[in-house]
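Input: a single structure, listed below in structure tokens.
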Amino acid sequence: MKYIDISETTVTDSVFAKTNNLAEKYPYIEKNVFGSSVRGKPLEYIKIGKGKKASLFVGAHHAMEYITSFLLLEFAEVFLGAAESGEKIGVFAPKEIFEKRSVYIVPMLNPDGIDIEQGVVKPTQDLIDMNKGSTDFSRWQANARGVDLNHNYDAGFWSARELEGEYGVCGPGPTRFSGPYPESEPESAALCRLTRLLGERLCTVIALHTQGEEIYWDYGGAGTRDSLPLAKRFADLSGYKVSSPCGIASFGGFKDYTLSKLGITSFTIECGMGENPLPHSDFYSIYKKIEMLLFCAASF
């Protein structure tokens, strides 16, 4: 569990440190800042590989799901180590993937939300008001403005807004508030800019969430011609179940946007089982289940 040992630092600092360590250990990878959060924290990606065809993996849309940041960083470490050694990971050859593909990894999209959920941020009155008067932020999923980043994309956005009342959402808060308009938040807007910049290079998009061991592959029952076959391949590799979200979760997500508006074969992977935040002790068992899935997506 060395990658999620946060006994001497915060979660967000640990993610930044691990990302920096990877860039120092493997100086030929690309590390860049592509935006900043509401509170001014950098949004970073690392790029692994040389190929024109690319995949984009994103972690930690939601604050309680910060384990996904470390899952992606573990994948990056395994990928780079195997690419250097020539070792195969199951049926996949990371060295070959590195030469022919590129993988863009955004470990942590919501650093502010993680800091709020972890108690790093001193609660201001506006945060307390958004949290229904409570100073307990342990169930916080949103960003620093109380917007659920994975409802802030231009894919059924207004349908999600119409459903918020049924879920007790009346405005900014811990979860499920979609925001005033699509891409209203600096985090989601920056990710969309990056995605549009990569454009036709992108063959797959993977957004890691927790929990449920499910693979969401469609938007409104539709996908690309490769969506369902690849989802079934992912299921075979991971033991996860191919599913479709329902209710308010059916709208406004990053996968929904990249699939419906950009035509990219895109997936939400709900990692692990239990109650968020998943315990650190589950980290390696979760990682081993999704490792082949991630290599498959990287090589597609």
Side-chain angles (χ1 to χ4, degrees), residues 1-3 18 22 25-26 28-30 45-59 67-107 198 200-218 223-243 255 258-259 264-273 278 282-300:
M1 293 188 292
K2 59 184 177 179
Y3 299 124
K18 176 61 181 170
L22 281 172
K25 185 176 181 180
Y26 304 98
Y28 49 82
I29 69 173
E30 177 184 326
Y45 74 77
I46 55 174
K47 176 198 169 193
I48 299 172
K50 301 178 179 179
K52 184 175 181 180
K53 291 184 177 180
S55 300
L56 173 62
F57 298 169
V58 184
I67 198 170
T68 57
S69 299
F70 297 99
L71 292 169
L72 288 177
L73 291 169
E74 174 76 351
F75 169 73
E77 181 77 69
V78 171
F79 189 147
L80 289 163
E84 283 201 348
S85 69
E87 175 190 0
K88 275 196 167 187
I89 305 295
V91 299
F92 300 102
K95 185 174 182 179
E96 183 177 331
I97 298 170
F98 186 94
E99 293 297 327
K100 295 182 177 180
R101 296 284 191 274
S102 292
V103 182
Y104 290 79
I105 296 174
V106 176
L198 295 174
E200 293 183 358
R201 295 185 59 198
L202 285 175
C203 299
T204 52
V205 164
I206 301 286
L208 291 192
H209 289 261
T210 58
Q211 47 74 39
E213 296 194 346
E214 293 182 295
I215 300 162
Y216 296 150
W217 64 276
D218 69 313
T224 70
R225 68 177 183 179
D226 297 308
S227 293
L228 187 54
L230 194 53
K232 291 178 178 178
R233 175 68 171 145
F234 289 167
D236 289 341
L237 290 168
S238 63
Y240 283 15
K241 180 174 64 174
V242 177
S243 301
K255 176 266 295 176
T258 55
L259 177 57
I264 303 167
T265 302
S266 304
F267 304 90
T268 297
I269 311 296
E270 295 284 356
C271 305
M273 291 290 285
L278 296 179
D282 287 357
F283 177 75
Y284 278 108
S285 62
I286 295 170
Y287 176 74
K288 293 311 293 184
K289 280 194 172 185
I290 67 167
E291 182 178 66
M292 298 299 181
L293 182 160
L294 294 175
F295 275 109
C296 184
S299 61
F300 176 73

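Remember, predicted model here, so these are calculated numbers, not experimental data.
In this structure the side chain of Tyr240 reaches within 4.5 angstrom of the side chain of Ile290, judged on heavy atoms. Looking only at side-chain heavy atoms (C-beta outward), Phe92 and Leu237 come within less than 4.5 Å of each other. Side-chain atoms of Thr204 and Leu230, non-hydrogen and from C-beta on, do get closer than 4.5 Å to each other. Residues Leu71 and Cys271 have side chains in contact (heavy-atom distance under 4.5 Å, counting atoms from C-beta outward). In this structure, Glu291 and Glu74 have side chains that are not in contact, with every pair of non-hydrogen atoms separated by 4.5 Å or more. Lys255 places none of its side-chain heavy atoms less than 4.5 Å from the side chain of Val205. In this structure, the side chains of Val242 and Leu228 come closer than 4.5 Å at one or more pairs of heavy atoms.
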Step by step, would you call Phe98 with Tyr26 a ring-ring contact (aromatic ring centres under 6.0 Å, His included)? CA-CA 13 Å; Phe98 186 94; Tyr26 304 98; 9.4 Å; no
ring-ring contact (aromatic ring centres under 6.0 Å, His included) between Tyr287 and Phe75, worked out: CA-CA 8 Å; Tyr287 176 74; Phe75 169 73; 7.3 Å; no
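By the 6.0 Å contact criterion, NZ on Lys53 is open, its count of non-hydrogen atoms from other residues, nucleotides or ligands being 12 or less. Heavy atoms from other residues, nucleotides or ligands lying under 6.0 Å from CD of Glu200 number 12 at most.
Taking CG from Asp226 and CH2 from Trp217, the interatomic distance works out to 12.0 Å, rounded to the nearest 0.5 Å. In this structure, Ser55 OG and Arg201 CZ are separated by 10.5 Å, a value rounded to the nearest 0.5 Å. The distance from atom OG of Ser238 to atom CD of Glu213, rounded to the nearest 0.5 Å, is 8.0 Å. Separating the OH atom in Tyr28 from the CD atom in Glu84 is a distance of 3.5 Å, to the nearest 0.5 Å. The CD1 atom of Ile89 sits 5.0 Å away from atom CZ of Phe295, with the distance rounded to the nearest 0.5 Å. The distance from the CD atom of Glu270 to the CG atom of Leu208 is 9.5 Å, given to the nearest 0.5 Å.
Between Thr258 and Ser266, the shortest heavy-atom distance links the atoms OG1-OG, 2.7 Å. Across all non-hydrogen atoms, the minimal contact from Lys88 to Pro94 is CA-CD, 4.2 Å. Taking both residues in full, the closest heavy atoms of Glu214 and Ser243 are given as OE2-OG, 3.0 Å, listed atom of the first, atom of the second, then distance. Between Leu72 and Pro107, the closest heavy-atom pair is CD1-CA, 4.3 Å. Taking both residues in full, the closest heavy atoms of Lys47 and Ile29 are given as O-CB, 3.4 Å, listed atom of the first, atom of the second, then distance. The heavy-atom pair separating Thr265 from Cys203 by the smallest distance is CB-O, 3.6 Å.
Phe267 and Phe234 have perpendicular rings, their planes meeting at more than 60° on a 0 to 90° scale where under 30° would count as parallel.
In this structure, a donor-acceptor pair under 3.5 Å is absent between the side chains of Glu30 and Tyr104.
Under a 3.5 Å cut-off, the side chain of Arg101 and the backbone N or O of Gly49 do not form any donor-acceptor pair.
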